[in-house]
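Notes follow once the structure below has been shown.
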Protein chains: 2
Amino acid sequence: MVNKQGAAEHLILSAAKKIFSAKGKDGTTMQEIADEAGINKALLHYYFRNKDLLFEKVFFAELQKFSPILKTAIASDAPLFEKIEKLCETYIRMAINNPFLPVFVISEINKQPEIFIHRMFQNNLPDFQKFSKQIEREIELDTIKPILPPHLIMNILSMCVFPFLLKPMFVHGMKINKDLYNDLMLQRIQEVPAFIINSIKK
Amino acid sequence: MVNKQGAAEHLILSAAKKIFSAKGKDGTTMQEIADEAGINKALLHYYFRNKDLLFEKVFFAELQKFSPILKTAIASDAPLFEKIEKLCETYIRMAINNPFLPVFVISEINKQPEIFIHRMFQNNLPDFQKFSKQIEREIELDTIKPILPPHLIMNILSMCVFPFLLKPMFVHGMKINKDLYNDLMLQRIQEVPAFIINSIKK
DNA sequence: GTCTATAACTCGATAGAC
DNA sequence: GTCTATCGAGTTATAGAC
């Protein structure tokens, strides 16, 4: 709001985040971003050189903040149920605080998988192998019902992230208002891990 | 493959389906589609008049085939567990046979929710209200554990559809090859409803 | 740093020959 | 029906004044 050094740069970044999120990279024009930021089109190029660099600046910076958090949660030595609770909370809070991220990740990952994965994790993927071993160990110990680790992992990710992708469907199609939807998402921090643990525990 | 009447039209449609699915409507150029189809750009306009009409022809035709199937499955009078099994099978088979559809639906629904929902269901949405009542009745009868219907509905949709959106992540990021991935998806036709029913049954 | 003006380019669409 | 050639709108990107 206040005119300071770096104010324009910040205005551009948050305007870009907003418009890119709503319309995707290709659907957005530099003019729209400039208008939203209340500045001139040429300034976008002055600060960020071109559209691609602006786009990357906006999203990869945001994503990389979460990459280490996720890696830590997945590789931790916590007991399985505790880890599942932690993972769900991490994913869901991330999405609540950054409603644009899930859509962005899914569309980018389906356009340029190699490039995206490389940028997101910098050649240092979360250790799903270790998590799989932990699941298999619990099955052997007979503390949970048999399930292939990839299925359990997919179930966790799915229930945490997918509802955010469906938000417009619920809000527009089924007349669930936005506040109610956000309440539902908050509930899911407890609801999802409980649902999962109910299903697998012996 | 064979040169016949209607061959070009068919080549265009499947080329368009492929490229649109990967890059989205805005990210795709008519030139790319023409190249993929091995024909000339002008032919695209000859057959489909313009880009928007081509896009709609490709996707809404496909989607509308499924709209009545889904509506029937959701509104049926089958017992709850049976209905859940049927729904999962319907969603997962749909996605297996049309790997491009989930990405398309999610990105479109997040760009233009009203328009998309209207086109997809022609003002005649699936009756989730009825499904919700059915869930609430089972809870009252004490045959399943208490859960808010929207959560259960989200869980079902999520576990059926989301894994298809993550395919590139599994295939590229975690070196799971495509055949194995498809096997996993087929398993989920049984796996997902079992996981859900395990979680909610008393 | 910020602006106006415009150059350079991409892409959808059409004209017209065959 | 299919092609080549080209137009024109819309966008990215830059030059240059302040």
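Worth saying up front: this structure is predicted, and the values here are computed from it rather than measured.
Side-chain contact between Pro193(A) and Leu87(A): absent, with no pair of heavy atoms (C-beta onward) separated by less than 4.5 Å. For the pair Gln134(A)/Phe131(A), a side-chain contact is recorded, criterion being any heavy-atom separation below 4.5 Å from C-beta on. For the pair Ser132(B) and Leu152(B), the minimum side-chain heavy-atom distance is 4.5 Å or more.
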Can you list, pair by pair, the side-chain donor-acceptor contacts under 3.5 Å of residues 157-166 of chain B, counting residues two or more places apart and other chains?
| residue | atom | partner | partner atom | Å |
| --- | --- | --- | --- | --- |
| Ser158(B) | OG | Met154(B) | O | 2.6 |

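Taking the six-membered ring where the residue is Trp, Phe55(A) and Phe20(A) present perpendicular rings, their angle passing 60° and hence far from 30°. Ring-plane geometry between Phe59(B) and Phe104(B) is classed as parallel, the angle between the planes falling under 30 degrees on a 0 to 90 degree scale with a further cut at 60.
Counting to the nearest Å, the P atom of dA13(D) and the CD1 atom of Ile12(A) are 14 Å from each other. Following rounding to the nearest Å, Asn40(B) (CG) and dC18(C) (C1') show an atom-to-atom distance of 13 Å. Between Lys41(A) atom NZ and dC3(C) atom P the separation is 13 Å, expressed in whole Å. Between the CG atom of Leu54(B) and the C1' atom of dA13(C) there is a distance of 14 Å, rounded to whole Å.
Salt bridge status for Asp77(B) with Lys83(B): absent, with no side-chain N to carboxylate O gap under 4.0 Å.
The stretch residues 13-32 of chain B touches DNA chain C through Thr28(B), Thr29(B), Met30(B), each having a heavy atom within less than 4.0 Å of the strand. The stretch residues 42-53 of chain A touches DNA chain C through Ala42(A), Leu43(A), Tyr46(A), Tyr47(A), each having a heavy atom within less than 4.0 Å of the strand.
Side chains of Glu114(A) and His172(B): a donor on one and an acceptor on the other come within 3.5 Å.
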